[in-house]
Amino acid sequence: MKYNAFGKLGNQVSRLGFGAMGLGGVFGQYDEKELVRSVLHSLEKGVNFIDTARNYGESERILGLALREWKGERPFIASKIQSKGPGNLGWGKPIPVETAFPKGWLRESTETSLRLLGVDTIDLMQLHQYWPQWDNVDYWMDELLQLKQEGKIRGIGVSVPDQRHDIVLSLVQSGKIDSVQTVFHIFDPLPLDCLIPICQENNVAVIARCILDEGGLTGFLKEDTVFGEGDFRKSYFDYMPRHLYIERVNRLKEAFVPKYANSLAELAIKFVLHHPGVTAAISSMHVPQYADENIAAVDREPLPEEVFEEIRQHHRWVRNFYETKYWQ
């Protein structure tokens with residue numbers, strides 16, 4: 001495993017992090033004991049960065065069970081404050097910060113996370129939504145800074161709602177935050193254009209999420225793939241005819257696998273981790289086999305620069321499938 005300093009906080013974190021959304025059942029139902037074991041398995045393999053959220057169902061509680069069993073060095077824990085806005089408000093379009101995070105809500109959500117995780121301090125607390133219009137209102141940042149002063153959180157971050165990476169640039173340059181979490185994968189390399197370099201300049205950590213495009217960049221999707229009840233990927237991948245997605249994936253396989261990577265997933269991970277401005281990339285590793293495959297990719301030979309640039313320039317396919325979640 002390879003490690004990076006986490007921006008101004010300075011912690012050495014694994015370049016591949018455990019994305020804990022899968023602990024909440026969004027990718028199907030799993031036995032709770034097996035989910036706990038998946039966390040411990042990844043920690044044993046050298047992963048020491050875990051990203052969860054209040055909005056991920058039972059994720060924080062299950063992660064708390066795993067942390068109580070873990071006997072090694074405490075991992076870096078990142079969570080996110082759940083919006084109080086009803087339904088999916090605030091994801092597809094801006095809403096007032098008073099609706100998403102009314103006064104007192106940031107503390108209430110943080111206290112709940114601390115209790116469920118069974119820890120005294122959360123290393124990084126992120127807003128699970130952010131819109132630049134909120135910068136004109138002071139109270140929400142003041143509440144986060146107060147939580148930091150009390151030692152309940154160590155760092156402050158924001159998670160960009162979707163592919164509109166540029167909305168957070170002014171906040172990055174303000175010096176008020178420690179990290180940004182953003183969508184970044186082969187089909188959407190746009191953070192490389194502005195966000196990642198500007199975060200580097202301001203010593204703000206970058207957490208790349210959706211690095212396998214909700215599993216699509218593993219090559220699992222077939223025309224006849226059926227998703228279980230509660231699995232949001234049904235609407236995600238059927239936003240347009242599936243064959244269009246599958247054709248894009250097949251082009252990547254034909255051009256780069258196995259010459260530059262043993263699998264499509266390895267190629268995707270190598271691509272995201274190629275730029276030194278990416279502090280950590282998170283992937284759902286709630287199945288130990290997935291964890292082993294993803295972790296192995298980190299230590300393999302990186303992509304040649306010309307291959308990285310070819311993928312970046314000629315395989316980008318920017319689209320916002322997340323709209324299928326916003327407007328259901």
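Computed from a predicted structure; not experimentally measured.
Screening residues 287-312 for ring-ring contact (aromatic ring centres under 6.0 Å, His included) gives F271-F308, H274-F308 as the qualifying pairs, with residues at least two apart or on separate chains.
When every heavy atom of S14 is checked against every heavy atom of N48, the shortest pair comes out as N-OD1, 2.6 Å. Nearest heavy atom pair, residue G22 against residue S284, reads N-OG, 4.2 Å. Smallest separation of non-hydrogen atoms from I50 and P75: CD1-CG, 4.1 Å. H286 approaches L35 most closely through the heavy-atom pair CB-CD2, 3.9 Å. G46 approaches Y3 most closely through the heavy-atom pair O-OH, 2.7 Å. Closest approach of I186 and A268 over heavy atoms only: CD1-CA, 3.7 Å.
The number of heavy-atom neighbours closer than 6.0 Å to CD of E73, taken from other residues, nucleotides and ligands shown, is 12 or below. Atom CD of E301 is surrounded by 12 or fewer heavy atoms from other residues, nucleotides or ligands within 6.0 Å. Within a 6.0 Å radius of CG in D31, more than 12 heavy atoms belonging to other residues, nucleotides or ligands are found. The number of heavy-atom neighbours closer than 6.0 Å to NZ of K2, taken from other residues, nucleotides and ligands shown, is above 12. The neighbour count for K176 NZ, taken as heavy atoms of other residues, nucleotides or ligands under 6.0 Å away, does not exceed 12. When the shell of 6.0 Å around NZ of K8 is examined, it contains more than 12 heavy atoms from other residues, nucleotides or ligands.
The aromatic rings of F256 and Y260 sit tilted relative to each other, their planes meeting at an angle between 30° and 60°. Between Y245 and F237, the ring planes are perpendicular. Angles over 60° get that label, and only those under 30° would be called parallel.
In this structure, the side chain of H243 does not engage the main chain of P241 through any donor-acceptor pair within 3.5 Å. The backbone N or O of L106 sits nowhere less than 3.5 Å from a side-chain atom of S109 that would complete a donor-acceptor pair. Judged by distance alone, with hydrogens and angles left aside, the side-chain atoms of E143 form a donor-acceptor pair with the main-chain N or O of G104 at under 3.5 Å. Side-chain atoms of R54 do not come within 3.5 Å of backbone N or O of T112 as any donor-acceptor pair. At distances below 3.5 Å, not a single donor-acceptor pair connects side-chain atoms of H275 with backbone N or O atoms of I196. K80 places a side-chain N or O within donor-acceptor distance of the main-chain N or O of T52, the cut-off being under 3.5 Å.
Side chain to side chain, H41 and D292 meet the donor-acceptor criterion of an N or O pair below 3.5 Å. Between the side chains of E60 and S79, at least one donor N or O lies within less than 3.5 Å of an accepting N or O. Side-chain contact of R154 with N11: a donor-acceptor pair under 3.5 Å is present, judged by distance alone. Side-chain contact check for D135 and Y130: at least one donor-acceptor pair (N or O, by modelled atom type) lies under 3.5 Å. Looking only at atom types and distance, the side chain of Q173 has no donor-acceptor partner in the side chain of N202 under 3.5 Å away. Defined by atom type and a distance below 3.5 Å, a donor-acceptor pair is missing between the side-chain atoms of N4 and T279. Judged by distance alone, the side chains of D51 and Q181 do bring a donor and an acceptor atom under 3.5 Å apart.
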Quiz item: Under the side-chain contact (heavy atoms from CB on, under 4.5 Å) criterion, do L124 and I153 qualify, and how do the steps go?
Solution: CA-CA 6 Å; L124 178 71; I153 63 175; over 6 Å; no

Self-check item: Step-by-step salt bridge (charged side-chain N to carboxylate O under 4.0 Å, His left out) determination, E108 to K103
Solution: CA-CA 10 Å; E108 183 177 339; K103 290 183 178 180; over 6 Å; no

Practice problem: Show your working on side-chain contact (heavy atoms from CB on, under 4.5 Å) between L114 and D120 and close with a plain yes or no. | Solution: CA-CA 6 Å; L114 287 165; D120 296 323; 5.9 Å; no

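The salt bridge (charged side-chain N to carboxylate O under 4.0 Å, His left out) check on K148 picks up D178, with sequence neighbours excluded. Here F101 pairs with W134 under the ring-ring contact (aromatic ring centres under 6.0 Å, His included) rule; sequence neighbours left out. Here D188 pairs with nothing under the salt bridge (charged side-chain N to carboxylate O under 4.0 Å, His left out) rule; sequence neighbours left out. Scored by the salt bridge (charged side-chain N to carboxylate O under 4.0 Å, His left out) test, E266 finds K270, R300 as partners (sequence neighbours excluded). A search for salt bridge (charged side-chain N to carboxylate O under 4.0 Å, His left out) contacts involving R115 returns nothing, not counting sequence neighbours.
A heavy-atom distance below 4.5 Å is found between the side chains of Y56 and H128. In this structure the side chain of L267 reaches within 4.5 angstrom of the side chain of L303, judged on heavy atoms. For the pair I211 and I269, the minimum side-chain heavy-atom distance is below 4.5 Å. Residues V168 and T182 fail the side-chain proximity criterion, which asks for heavy atoms closer than 4.5 Å. In this structure, I95 and Q129 have side chains that are in contact, with non-hydrogen atoms separated by less than 4.5 Å. At a threshold of 4.5 Å between non-hydrogen side-chain atoms, the residues D123 and F6 do not count as touching. At a threshold of 4.5 Å between non-hydrogen side-chain atoms, the residues I246 and E223 count as touching. Annotation: side chain of Y30 is not in contact with side chain of S38 (no heavy-atom distance under 4.5 Å).
Taking 4.0 Å as the cut-off between side-chain N and carboxylate O, E32 and R37 do not count as a salt-bridged pair. Using a cutoff of 4.0 Å between basic side-chain nitrogens and carboxylate oxygens, D193 and R312 are scored as salt-bridged. Ion pairing between a basic and an acidic side chain is recognised when a charged N comes within 4.0 Å of a carboxylate O; R61 and E58 show such pairing. Salt bridge status for E247 with R242: absent, with no side-chain N to carboxylate O gap under 4.0 Å. The pair D224-K222 fails the salt-bridge criterion, with no side-chain N (NZ, NE, NH1 or NH2) lying under 4.0 Å from an Asp/Glu carboxylate O.
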